[in-house]
S.K.: 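First the structure, which I've put down as structure tokens, then a few questions once you've had a look.
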Amino acid sequence: MEHQKHNWTLDEITALYHTPFLELVRAAQDVHLQHFKLGEIQVSSLISIKTGGCPEDCSYCPQAARYHTDIEKHALMQDDQVLELALKAKAQGASRVCLGAAWREVKDGKDFDRVVGMVKQISSEGLQVCCTLGMMTEAQALRLKDAGLYAYNHNIDTSEEHYSNIISTRSYGDRLETIRNVRKVGVTVCSGGILGLGETLEDRLKMLQNLSAMSPHPESVPINTLVPVKGTPLENQGAVDIEELVRMIATARIMMPTSFIRLSAGRLGRSLSEQTLCFMAGANSVFSGEKLLTTMNPAEDVDEKMFLTLGLTRMTPAEVHAAL
Ligand code: SAM
Ligand code: DTB
Ligand code: SF4
């Protein structure tokens with residue numbers, strides 16, 4: 001990809017991040033305009049097809065079995081119920097649905113066969129389908145691809161250095177391997193991280209460096225801010241400053257000009273003007289629907305009002321595909 005740079009140095013990234021705020025936002029918008037139209041937003045909707053009971057120890061996650069959080073656990077959802085939720089998301093303007101399972105890894109067997117069936121069914125409705133199912137082999141990725149999978153989400157979350165402070169049950173290397181498996185079979189990659197895990201600015205910038213080192217860049221880069229959940233080790237983490245979130249989005253936009261940068265978890269606590277700043281800085285994707293996986297997201301009517309007020313439009317699956 002001629003517009004992609006994969007060898008950003010930490011010095012370059014640091015200098016970029018510290019550019020005077022208005023100049024940084026302006027530079028990000030210039031880059032944004034070279035590859036996308038301002039105000040055209042890719043909208044994804046999450047469906048938690050299997051909730052809670054996860055054996056991993058990700059310190060931010062309400063679905064880790066060991067943390068005793070107040071969530072409604074359920075086994076793999078029935079196919080017709082998943083289809084119904086997907087069609088509802090489509091009717092509300094989503095171009096993509098993302099099926100999330102609280103699994104450490106994909107295991108071959110009946111449940112995976114059913115997920116493959118769901119992917120086939122939903123993609124035949126003209127929706128892009130994304131899955132986030134934990135670690136996965138190349139053979140499993142290939143089965144999903146053959147069923148019509150468009151994207152696979154697997155976040156690197158933070159820097160390699162900070163990763164072991166947050167998760168001990170798997171390594172950064174495990175994460176990268178799954179992403180490589182996804183890439184190998186030709187499914188697009190969705191990978192990003194979370195701000196607010198007690199990381200330093202250097203950790204955040206190294207995370208962007210690691211994402212941009214992937215070749216090609218992930219087609220989608222979700223920038224989440226931690227949704228602190230009672231019962232998890234990170235329940236008392238403070239909120240991320242809007243100025244820092246906007247700088248991260250702008251820096252990500254400049255480093256990965258052709259990627260969709262998603263303003264992801266953590267949108268509920270942000271005002272219209274804060275979200276506007278994020279869109280001005282290069283964010284061009286959001287999750288819609290009043291629930292993320294287990295936590296809340298802005299309600300449909302609140303988002304509809306934001307789209308109308310700002311004159312934002314929802315991209316169709318074909319427009320999203322053509323922009324890549
Ligand atoms: N189990 C699979 C995995 O870990 O890849 C898929 C589901 S997992 C919930 C997907 C992503 O959600 C995580 O990688 C993490 O980045 C994000 N996430 C989980 N809990 C979060 C929270 N409380 N706040 C923000 N993001 C969160
Ligand atoms: C991503 O980066 N964020 C989404 C999606 N990819 C899978 C998940 C956010 C989850 C927030 C916590 C919850 O609702 O459980
Ligand atoms: Fe499990 Fe994924 Fe939550 Fe980690 S982030 S505990 S792997 S569901």
Side-chain angles (χ1 to χ4, degrees), residues 42 44-74 96-107 115 129-136 151-158 162-163 166-172 174-179 181-182 189-199 207 211 218 220-237 239-240 245 252 259-269 283 285-298:
Q42 186 271 327
S44 292
S45 181
L46 287 159
I47 304 176
S48 188
I49 57 171
K50 187 266 173 182
T51 307
C54 183
E56 299 279 63
D57 71 350
C58 312
S59 357
Y60 48 74
C61 187
Q63 302 201 66
R66 65 192 77 196
Y67 300 141
H68 309 291
T69 55
D70 186 20
I71 57 166
E72 256 179 62
K73 293 184 205 159
H74 62 81
R96 181 177 303 179
V97 292
C98 178
L99 310 182
W103 287 338
R104 167 181 160 77
E105 70 222 311
V106 174
K107 292 193 180 115
V115 174
V129 186
C130 174
C131 278
T132 185
L133 312 171
M135 294 184 276
M136 178 169 79
Y152 194 82
N153 164 259
H154 206 62
N155 292 337
I156 61 169
D157 282 342
T158 185
H162 193 51
Y163 201 73
I166 301 298
I167 298 151
S168 76
T169 48
R170 57 165 192 265
S171 70
Y172 212 66
D174 292 334
R175 238 31 210 172
L176 297 177
E177 197 181 318
T178 294
I179 296 171
N181 290 338
V182 171
V189 171
C190 170
S191 188
I194 312 179
L195 311 182
L197 306 175
E199 72 284 352
M207 173 181 92
L211 291 168
S220 291
V221 178
I223 305 287
N224 298 276
T225 50
L226 177 74
V227 182
V229 178
K230 198 162 176 288
T232 62
L234 295 179
E235 64 178 337
N236 293 320
Q237 279 296 117
V240 174
L245 174 59
S259 303
F260 282 90
I261 308 290
R262 184 174 306 122
L263 175 59
S264 303
R267 216 156 54 75
L268 189 60
S285 172
V286 292
F287 285 120
S288 69
E290 65 176 354
K291 227 174 188 186
L292 291 165
L293 290 171
T294 65
T295 67
M296 302 310 278
N297 194 46

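Order of appearance sets the numbers: ligands from 1, and atoms from 1 within every ligand.
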S.K.: List every atom of ligand 1 that sits less than 4.0 Å from any heavy atom of L293, numbering the atoms from 1 in the order shown and giving each element.
M.R.: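 In order of numbering, the contacting atoms are 9 (C).
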S.K.: Taking the side chain as C-beta and beyond, is there a heavy-atom pair between T294 and T69 under 4.5 Å?
M.R.: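 When only atoms from C-beta onward are counted, T69 and T294 do not touch, as no gap falls below 4.5 Å.
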S.K.: Nearest to atom 2 (C) of ligand 1, what protein heavy atom do you find, and at what distance?
M.R.: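 Going by distance alone, atom 2 (C) of ligand 1 is nearest to G134 N, 3.6 Å.
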S.K.: Which atoms form the tightest heavy-atom contact between N224 and A265, and what is the distance?
M.R.: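 Heavy atoms of N224 and A265 come nearest at OD1-N, 3.0 Å.
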S.K.: Do me a favour and list the nearest non-hydrogen protein atom to atom 5 (C) of ligand 2 with residue, atom name and distance?
M.R.: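 Going atom by atom, the protein heavy atom closest to atom 5 (C) of ligand 2 ends up being F287 CZ, 3.6 Å.
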S.K.: Which of the atoms in ligand 2, numbered in the order shown and given with their element, are less than 4.0 Å from a heavy-atom of T132?
M.R.: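 In order of numbering, the contacting atoms are 7 (C).
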S.K.: Applying a heavy-atom cut-off of 4.0 Å, say which part of A101 lies close to ligand 1: side chain, backbone, both or neither.
M.R.: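 The answer is the backbone.
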S.K.: What do you reckon, does V227 have a nitrogen or oxygen under 3.5 Å from a nitrogen or oxygen of ligand 1?
M.R.: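 Such a contact does occur with ligand 1.
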S.K.: Which residue supplies the protein heavy atom nearest to atom 17 (C) of ligand 1, what is that atom called, and how far is it?
M.R.: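 Nearest neighbour among protein heavy atoms for atom 17 (C) of ligand 1, to 0.1 Å: I194 CD1, 4.1 Å.
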S.K.: Which part of P62 is near ligand 2, with near meaning a heavy atom under 4.0 Å away: side chain, backbone, both or neither?
M.R.: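 Contact part for P62 vs ligand 2: side chain (C-beta onward).
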S.K.: Enumerate the atoms of ligand 3 whose separation from the nearest heavy atom of Y60 is less than 4.0 angstrom.
M.R.: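 Within the 4.0 Å cut-off of Y60, ligand 3 contributes 5 (S).
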S.K.: Does the residue V227 have a heavy-atom contact with ligand 2, meaning some pair of atoms that are separated by less than 4.0 Å?
M.R.: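 It does not, in that no heavy atom of V227 comes within the 4.0 Å cut-off of ligand 2.
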S.K.: Which residue supplies the protein heavy atom nearest to atom 12 (C) of ligand 2, what is that atom called, and how far is it?
M.R.: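 Closest protein heavy atom to atom 12 (C) of ligand 2: T295 OG1, 3.6 Å.
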S.K.: Give a yes or no answer on whether the side chain of R267 reaches the backbone of F287 with a donor-acceptor pair at less than 3.5 Å.
M.R.: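 Yes, the answer is positive, given that a donor and an acceptor are paired below the 3.5 Å cut-off.
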S.K.: Taking S59 for the side chain and L234 for the main chain, is one N or O donor matched with an acceptor at less than 3.5 Å?
M.R.: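 Side chain of S59 to backbone of L234: no pair is present.
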S.K.: Is the closest side-chain donor-acceptor distance between Y60 and D157 under 3.5 Å?
M.R.: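 Yes - a donor-acceptor pair under 3.5 Å links their side chains.
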S.K.: Report the nearest protein non-hydrogen atom to atom 1 (Fe) of ligand 3: residue, atom name, distance rounded to 0.1 Å.
M.R.: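 Answer, as residue, atom name and distance: C54 SG, 2.3 Å.
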S.K.: Does atom 24 (N) of ligand 1 have any protein heavy atom closer than 4.0 Å?
M.R.: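 Within 4.0 Å: yes, protein heavy atom nearby.
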S.K.: Say whether, by atom type as modelled, one donor and one acceptor occur between the side chain of R66 and the main chain of P55 under 3.5 angstrom.
M.R.: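 The answer is yes, because a donor-acceptor pair under 3.5 Å joins these two groups.
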S.K.: N/O to N/O below 3.5 Å, does that happen between Y60 and ligand 1?
M.R.: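 Indeed, backbone or side chain, Y60 has an N or O that close.
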S.K.: Considering only protein heavy atoms, which is closest to atom 1 (N) of ligand 1, and at what distance to one decimal place?
M.R.: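 For atom 1 (N) of ligand 1, the nearest protein heavy atom comes out as W103 O, 3.2 Å.
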S.K.: Does some side-chain heavy atom of L293 sit less than 4.5 Å from a side-chain heavy atom of T51?
M.R.: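 Sidechains of L293 and T51: no contact.
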S.K.: Provide, to 0.1 Å, the distance between atom 5 (O) of ligand 1 and the closest protein heavy atom, together with that atom's residue and name.
M.R.: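 Among all protein heavy atoms, the one nearest atom 5 (O) of ligand 1 is R175 NH2, 2.8 Å.
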S.K.: Under a 4.0 Å heavy-atom limit, does T132 contact ligand 1 with its side chain, its backbone, both, or neither?
M.R.: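 Both backbone and side chain.
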S.K.: How far is atom 4 (Fe) of ligand 3 from the closest protein heavy atom, and which atom is that?
M.R.: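 Ranked first by proximity to atom 4 (Fe) of ligand 3 is C58 SG, 2.2 Å.
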S.K.: Give the residue and atom name of whichever protein heavy atom lies nearest to atom 12 (O) of ligand 1, and the separation in Å to one decimal.
M.R.: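 Ranking protein heavy atoms by distance from atom 12 (O) of ligand 1, first comes N155 ND2, 4.5 Å.
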S.K.: Would you name the heavy atoms of G52 and K73 that are closest together and state the gap between them?
M.R.: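 Closest approach of G52 to K73: CA-CG, 4.1 Å.
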S.K.: Quick one: does Q63's side chain have a donor or acceptor within less than 3.5 Å of a partner on C61's backbone?
M.R.: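 Side chain of Q63 to backbone of C61, a donor-acceptor pair under 3.5 Å: no, none is there.
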S.K.: Enumerate the atoms of ligand 2 whose separation from the nearest heavy atom of P222 is less than 4.0 angstrom.
M.R.: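 Answer, ordered by atom number: 2 (O).
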S.K.: Report, in ascending order of atom number, the atoms of ligand 2 lying under 4.0 Å from any heavy atom of N153.
M.R.: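 Ligand 2 atoms under the 4.0 Å threshold to N153: 6 (N), 7 (C).
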S.K.: Which atoms from ligand 3 have a heavy atom of E56 less than 4.0 Å away?
M.R.: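 Going through ligand 3 atom by atom, the ones under 4.0 Å from E56 are 1 (Fe), 4 (Fe), 6 (S), 7 (S).
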S.K.: Give the residue, atom name and distance (to 0.1 Å) of the protein heavy atom nearest atom 7 (S) of ligand 3.
M.R.: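 The closest heavy atom on the protein side is R170 NH1, 3.3 Å.
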S.K.: Say whether Q63, considering both its backbone and side-chain N or O atoms, lies within less than 3.5 Å of an N or O atom on ligand 2.
M.R.: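 No.
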S.K.: Which heavy-atom pair separates C54 from R104 by the least distance, and what is that distance?
M.R.: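 Nearest pair, atom of C54 first, then R104: SG-N, 4.1 Å.
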S.K.: With a cut-off of 4.0 Å, which atoms of ligand 1 are near a heavy atom of A265?
M.R.: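 Contacts of ligand 1 toward A265, numbered from 1: 25 (C).
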S.K.: Please confirm whether the backbone N or O of G193 pairs with a side-chain atom of N155, one donor and one acceptor, at under 3.5 Å?
M.R.: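 Flag not set: sc N155 to bb G193 has no pair under 3.5 Å.
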S.K.: Any sub-3.5 Å donor-acceptor pair from Y172's side-chain atoms to T158's backbone N or O?
M.R.: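 The answer is yes, because a donor-acceptor pair under 3.5 Å joins these two groups.
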S.K.: Any N/O/S of C61 under 2.8 Å from atom 3 (Fe) of ligand 3?
M.R.: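 Yes, C61 qualifies, because one of its backbone or side-chain N, O or S atoms lies under 2.8 Å.
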S.K.: Do S264 and I223 come within less than 4.5 Å of each other through their side chains, counting heavy atoms only?
M.R.: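 No. Closest side-chain heavy atoms not under 4.5 Å.
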S.K.: Looking at D57, is its backbone amide N or carbonyl O close enough to the side chain of T169 to form a donor-acceptor pair, meaning the two atoms are under 3.5 Å apart?
M.R.: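 Side chain of T169 to backbone of D57: a pair is present.
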S.K.: Tell me which part of L46 gets within contact of ligand 2: side chain, backbone, both or neither, using heavy atoms under 4.0 Å.
M.R.: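 L46 to ligand 2: side-chain contact only, backbone stays beyond 4.0 Å.
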S.K.: Heavy-atom contacts under 4.0 Å between T294 and ligand 2: side chain, backbone, both, or neither?
M.R.: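 The answer is both.
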S.K.: Can you check side chain to side chain contact (heavy atoms under 4.5 Å, CB included) on C131 and M136, steps first, answer last?
M.R.: CA-CA 11 Å; C131 278; M136 178 169 79; over 6 Å; no
S.K.: Would you kindly specify which portion of N224 sits under 4.0 Å from ligand 2, judged on non-hydrogen atoms: side chain, backbone, both or neither?
M.R.: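 Answer for N224: side chain.
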S.K.: Below 3.5 angstrom, do we get any N/O pair linking N153 and ligand 1?
M.R.: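 By distance alone, the answer is no.
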S.K.: Between Y152 (side chain only) and L133 (backbone N and O only), is there a donor and an acceptor less than 3.5 Å apart?
M.R.: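 At least one qualifying donor-acceptor pair exists.
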S.K.: Donor-acceptor pair, N297 side chain versus G289 backbone, under 3.5 Å?
M.R.: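 Judged by distance alone, yes, a pair lies under 3.5 Å.
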S.K.: Any donor and acceptor pair, going by atom type alone, linking the side chain of T232 with main-chain N or O of P62 inside 3.5 Å?
M.R.: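 Checking the backbone N and O of P62 against the side chain of T232, no donor-acceptor pair under 3.5 Å is found.
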S.K.: Quick one: nearest non-hydrogen protein atom to atom 10 (C) of ligand 2, plus distance?
M.R.: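 Closest protein heavy atom to atom 10 (C) of ligand 2: L293 CD1, 4.1 Å.
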S.K.: The test is side chain to side chain contact (heavy atoms under 4.5 Å, CB included); show your working for L226 and V240 and say whether it passes.
M.R.: CA-CA 8 Å; L226 177 74; V240 174; over 6 Å; no
S.K.: So which bit of D157 gets within less than 4.0 Å of ligand 1, heavy atoms only: side chain, backbone, both or neither?
M.R.: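 For D157, only side-chain atoms sit under 4.0 Å from ligand 1.
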S.K.: Considering only protein heavy atoms, which is closest to atom 8 (S) of ligand 3, and at what distance to one decimal place?
M.R.: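 It is A102 CA, 3.7 Å.
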